[in-house]
Each structure stands twice: as C-alpha cells, then as structure tokens.
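Please read the structure below before turning to the comments.
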Amino acid sequence: HEWLPSPAATRGVLGHASSRPDRGRLSSRNMADTARLLVDFEGGGAGVGWLSWGQRELWHMFEQRKTWVPIGTVRPLPAGTTVDDAVADLRFVMSRYPNMRTRLRFDPDGVKQVVSASGQIPLEIVDAAGDDDPAEVADQVWHAYRSRDLDFVTEWPVRMAVIRHRGALTHRVWVMSHLVTDGTGARILVEELAARGSGGGTAARSPLEQARWQASPAGQRQCEVALRYWENVLRRVSVRRYPERDQTPHPRYWEAQFDSLAAHLALAAISARTGVEIPSVLLTAFAVSLVRVTGVNPVVVVLVVNNRFRPGLARTVSPIMQPGLCVIDVPDATVDDAVAHTRRRAITAYKYAYHDPPRREALIEQVNRDRGAQVDLECSLNHIRINPRDETAPPPAPADVRAALPRTSFEWTQQQDHRPYDKLYVTVEDVVDTLRLTVDTDIHHLSPDAVEAFVRGIEEVAVAAALDPSRRTGVGRP
C-alpha cells in the first residue's frame with residue numbers, strides 16, 4: 001500500500017481560499033522577519049511530455065477535490081546547521097530530482113509536464129522572536145505553505161523554509177505537491193539527502209521517463225493486461241456494496257478516528273503466527289467485519305497500491321501509487337485460512353494496479369452502460385504507514401493484547417456537507433505504536449452506528465483470532 005491522503009486530509013485548496021483560514025497564518029511579528037534567498041540549481045532530465053499514470057491519477061483527484069494536496073514535514077535541524085547547509089540541501093534536491101523542476105503546460109491536446117534544466121528557487125529564513133517557541137513558528141510556516149495556492153504553471157512544486165531562533169537554525173519546513181512525490185518518495189528523498197556526501201547512487205526513473213515507458217509497446221501491454229483484469233472483475237461482481245437506507249440525514253459526510261493498541265498487537269501476533277505481512281492481516285479483518293455489517297460478500301475494496309516493486313521504480317521519488325481492485329470472498333474458515341486467501345487476492349490486485357487512469361475510467365463507464373447499473377467502487381483502504389514493524393521482535397503475548405483493550409477509542413471528529421467523501425474510505429495512519437484509522441464516510445449509505453460497528457469489528461476479529469488460532473470468521477458463502 002502507499003501514501004495517499006484521506007479526503008479529510010486534503011486541506012489546501014486549489015484556486016480557492018483555504019478551507020481552514022484560522023490555520024496557516026503567521027503573526028505579523030513573525031512574518032516581518034522573513035528573508036528570502038534565491039538558490040540556483042541545474043540538473044539533467046529536462047524535457048516536455050505527458051503526465052505519468054501516477055500523476056494522471058493525482059491530477060484527476062486535484063480537479064475533483066479542488067486541492068493541490070500539499071505534503072511535507074517539519075523537522076528539527078542538527079545543532080550547528082548553517083544557512084549555507086540549508087542552501088546546499090535545497091540545491092541538491094532541485095538538481096538531483098527532475099520531479100522538483102517540473103511545472104505544467106496546458107496544451108489543447110492535454111496537460112503536459114515541463115522539466116527545466118536550471119532555474120532559481122527561494123529559500124525562506126524565518127526569524128522567531130526571542131520569546132517564541134521555534135517549533136510553533138515552524139508549524140505556522142508549514143500551515144501557511146499548505147494554505148497558499150500553488151500555480152502549477154509558474155511555480156516550482158517545492159516550498160522550503162528554515163527557522164532561526166536567537167541566531168541558530170532550529171527547524172526545516174518542507175512542503176511539496178503530491179504531483180511530484182508521495183510519502184515513500186519523500187522518505188527516499190530525505191535518506192538520499194542525508195547520504196549525498198557518499199555518492200548517493202543513480203536517481204531512479206523520473207515521471208517523464210515513466211511516461212515515455214508507459215507509452216511504449218511494453219507499457220501498453222502492461223496496461224492492456226491490467227484493464228482485462230479490471231473488466232473481468234467489474235462484469236462479475238455485485239453492483240452494490242451497501243444495503244439501502246431510507247434516511248438521508250444531514251450533515252452527510254462524517255469523519256471518525258479510531259485508535260486501538262489491542263488491534264495493533266493482535267495483528268502483529270497473527271502476522272508472526274501465519275508469516276503473512278500485517279497489511280494483509282488487517283485487510284482480512286477489514287473484509288470480515290464489513291461483511292458482518294453489510295451482509296454483502298464478496299467484498300470489493302479499492303487498495304491504494306505502491307508500485308515500487310516494479311522494475312526501475314524501487315527507489316523512485318515520483319508518485320506511483322494507483323488503485324488496485326481487490327475481491328475477497330470471505331469464507332467461513334479460520335481467520336488464519338482467511339488471511340492466506342486474502343493475501344493471494346491482495347497480490348493479484350497489486351499486480352494489476354499499474355495502468356492508464358483515463359482508459360480505466362472509460363472502461364468503468366462502458367461496463368456500467370452494459371450492465372445498466374453503476375458498479376459501486378466506493379470502498380477503499382489506504383495503508384499509509386511507512387514504518388514497518390521490527391520483524392525480530394517477539395510476538396505480543398495474549399495477556400498484553402487483553403490488557404490493551406480498555407485503551408481503545410472511537411470518536412466522530414467532523415460532520416459536514418460541503419466536501420464530499422466516498423461512501424467508505426479508511427486510512428491506516430502512519431502511527432507506530434497503535435492502529436490508528438481515519439474513517440471518512442457518507443452516512444446516506446452507512447449509518448453512523450453501522451460505521452462504528454464495522455470499525456470496532458476490525459478489532460474484534462483481530463483480537464479473537466490472536467487469542468484463539470482456531471477462531472473462525474463466522475461468515476457464510478456469498
């Protein structure tokens with residue numbers, strides 16, 4: 001799985017004022033002490049071409065949600081970091097990665113990316129007042145960067161600042177457009193930035209290079225095979241994912257946060273016992289709980305897939321996540337057997353998650369016309385965690401799993417009507433020591449009680465199976 005923000009996480013707005021005007025604003029005192037340095041850069045890979053498949057996926061989302069999906073971090077700087085060090089870091093990033101030198105051009109035949117060979121980019125130095133907390137100032141800069149619109153034609157897709165407090169640099173703020181990187185890509189960038197003195201190796205395939213391969217005969221064959229799989233699934237699954245509801249309450253779009261240390265430990269215990277990675281174990285509990293709540297089996301879930309297992313993409317900084325269509329026929333078997341089945345179905349979904357998005361959308365429309373109904377694909381699981389569990393650690397003990405149950409929490413955090421969500425979009429957040437789920441839902445299709453039962457059911461399935469290897473799913477045939 002790969003990083004893609006949940007609908008609620010896309011706060012920066014493309015072409016409109018920020019949806020959270022109370023955040024992202026520095027006080028006039030802080031803003032008055034901001035200097036800008038222009039940093040020169042140059043690098044290879046210049047040219048003009050189509051967007052890659054991953055970029056097309058994101059551009060469609062940008063247009064739908066009216067957001068440029070800014071991503072980035074605020075990090076403390078090592079003691080003794082100088083302005084020259086910060087300049088060198090920014091120059092390295094801009095020079096090494098063609099992504100960061102990419103702007104867009106809107107031609108009559110479509111959107112194209114333009115990679116420049118050289119240019120200048122501002123580095124902002126924000127001086128925090130003596131009585132200010134520099135970490136808070138850095139957070140304000142981060143929100144200000146995210147809240148400000150991005151002009152894809154004239155601006156570089158990178159914003160960077162350093163915070164200076166009492167003469168010393170304390171924090172660095174990075175914000176980049178999701179069109180040029182993703183969560184794993186940003187981590188790779190940071191790793192290569194830290195190792196740049198040791199050579200750093202050869203940069204992986206850029207979006208422009210990816211787009212050229214995707215247009216080649218080999219790329220088109222990959223797309224054809226993937227779309228044949230999608231068509232086969234779309235033509236044979238039930239068109240419905242959720243039971244009918246008579247009520248249409250408002251506000252319509254609700255967001256919840258669920259934290260479960262017990263589920264976190266239980267998933268690790270099942271993973272250790274079965275030898276199956278935690279994302280597939282979680283997907284099993286997700287599917288079993290959803291069938292219990294909706295009564296609809298098989299489960300059809302869209303997985304956000306990291307395509308870095310493909311040749312030439314292992315160390316790419318580029319955004320390459322795409323949707324994988326996963327069908328899970330939840331059997332009345334032990335949870336361990338269901339985990340093995342789910343893993344096979346997930347691997348199949350990963351295999352066919354690399355394709356041309358406009359062609360996929362055209363295929364979906366054609367199948368809907370042929371079937372005389374819309375195949376409901378509004379059920380998604382997005383596993384953005386990029387900090388894997390230590391595989392050498394001993395599996396959690398049953399007593400630890402039981403003891404963690406009272407710490408579970410579920411909270412509705414937002415209800416609104418102005419920003420549509422899919423019917424069910426579950427994000428596994430990048431939190432190391434617990435299972436944290438953000439759940440975005442349209443309650444015209446799943447009631448709040450049903451959503452809570454589904455989410456708590458994920459914990460129930462995982463904990464029961466962790467404590468009893470013979471525990472069955474309790475789900476009948478489709």
Side-chain angles (χ1 to χ4, degrees), residues 2 4 7 10 14 48-67 69 104-113 152 178-179 182 207-208 210-241 298-307 310 313 318-327 345 348-382 420-425 442 445:
E2 183 45 42
L4 184 65
T10 55
L14 178 66
V48 179
W50 296 107
L51 300 182
S52 68
W53 291 341
Q55 288 175 315
R56 292 183 191 185
E57 205 79 64
L58 288 162
W59 186 251
H60 178 66
M61 182 183 71
F62 292 179
E63 292 184 313
Q64 282 188 320
R65 299 184 188 169
K66 304 300 181 186
T67 174
V69 190
L104 298 185
R105 191 173 79 192
F106 295 89
D107 290 346
D109 57 344
V111 183
K112 294 188 176 72
Q113 56 180 316
F152 285 89
H178 203 2
L179 193 68
D182 53 35
L208 197 56
Q210 290 175 36
R212 291 182 187 127
W213 181 87
Q214 290 159 0
S216 73
Q220 290 302 297
R221 286 194 296 272
Q222 163 64 36
C223 184
E224 291 289 348
V225 170
L227 293 184
R228 281 199 296 271
Y229 165 80
W230 276 70
E231 182 173 11
N232 181 53
V233 170
L234 292 168
R235 291 193 182 279
R236 67 183 176 85
V237 298
S238 167
V239 297
R240 289 176 53 196
R241 303 277 78 78
V299 168
V300 179
V301 56
V302 175
L303 306 177
V304 181
V305 177
N306 178 354
N307 281 297
R310 301 182 183 277
L313 299 181
S318 311
I320 54 173
M321 77 295 282
Q322 288 198 258
L325 191 57
C326 188
V327 181
R345 301 310 303 159
T348 300
Y350 303 158
K351 182 178 179 180
Y352 301 114
Y354 199 48
H355 51 262
D356 186 357
R359 291 186 61 186
R360 181 194 68 232
E361 293 306 306
L363 170 65
I364 293 171
E365 291 177 8
Q366 181 61 54
V367 171
N368 289 341
R369 286 193 295 269
D370 293 346
R371 296 191 65 173
Q374 296 249 342
V375 181
D376 191 345
L377 298 179
E378 292 191 29
C379 176
S380 298
L381 178 62
N382 179 16
Y421 297 160
D422 284 352
K423 294 172 186 174
L424 183 65
Y425 194 109
D442 177 350
H445 301 277

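Note that this is a predicted model, so its numbers are computed, not measured. Quick note: residue numbers are just sequence positions, from 1.
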Is a side-chain N or O of [X] found less than 3.5 angstrom from the main chain of [Y], in a donor-acceptor match?
| X | Y | answer |
| --- | --- | --- |
| D442 | D422 | no |
| R241 | V375 | no |
| D376 | E378 | yes |
| R371 | L234 | yes |
| S318 | I320 | no |

Could you pull out the closest heavy-atom pair between [X] and [Y], with the gap in Å?
| X | Y | result |
| --- | --- | --- |
| P319 | D182 | CA-OD2, 3.3 Å |
| P357 | E57 | CG-OE1, 3.3 Å |
| P207 | S52 | O-CB, 3.7 Å |
| W50 | V111 | CE3-O, 3.6 Å |
| P323 | V302 | CB-CG1, 3.5 Å |

[atom2] on [Y] to [atom1] on [X], rounded to 0.5 Å:
| X | Y | atom1 | atom2 | result |
| --- | --- | --- | --- | --- |
| R212 | L208 | CZ | CG | 4.0 Å |
| F62 | F152 | CZ | CZ | 5.0 Å |
| E365 | Q374 | CD | CD | 8.5 Å |
| K351 | R310 | NZ | CZ | 9.5 Å |
| L325 | R345 | CG | CZ | 9.5 Å |
| L303 | Q322 | CG | CD | 13.5 Å |

If you apply the rule side chain to side chain contact (heavy atoms under 4.5 Å, CB included), what do you find for V48 with Q113, and how did you get there?
CA-CA 6 Å; V48 179; Q113 56 180 316; over 6 Å; no
Any heavy-atom pair between the side chains of [Y] and [X] that's under 4.5 Å?
| X | Y | answer |
| --- | --- | --- |
| V304 | M321 | yes |
| V239 | N368 | no |
| V237 | V327 | yes |

Within a reach of under 6.0 Å around NZ of K112, are more than 12 heavy atoms found that belong to other residues, nucleotides or ligands?
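Count over threshold, so yes.
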Looking only at side chains, do R56 and Q214 share a donor and an acceptor under 3.5 Å apart?
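Not at all, the side chains of R56 and Q214 share no donor-acceptor pair under 3.5 Å.
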May I have the step-by-step check of side chain to side chain contact (heavy atoms under 4.5 Å, CB included) for C223 and W53, ending in yes or no?
CA-CA 10 Å; C223 184; W53 291 341; 3.9 Å; yes
Parallel, tilted or perpendicular: rings of W213 and Y354 (30°, 60°):
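Plane angle under 30°, so parallel.
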Is the ring centre of W230 less than 6.0 Å from the ring centre of Y352?
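No - the distance between ring centres of W230 and Y352 does not fall below the 6.0 Å cut-off.
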Hey, mind stepping through R359 and Q220 against side chain to side chain donor-acceptor pair (under 3.5 Å) and telling me if it holds?
CA-CA 11 Å; R359 291 186 61 186; Q220 290 302 297; 3.2 Å; yes
Derivation and outcome, side chain to side chain contact (heavy atoms under 4.5 Å, CB included), residues V225 and R221
CA-CA 6 Å; V225 170; R221 286 194 296 272; 5.6 Å; no
Begin from the C-alpha positions of L104 and L51 and carry the test side chain to side chain contact (heavy atoms under 4.5 Å, CB included) through to its verdict.
CA-CA 9 Å; L104 298 185; L51 300 182; 3.8 Å; yes
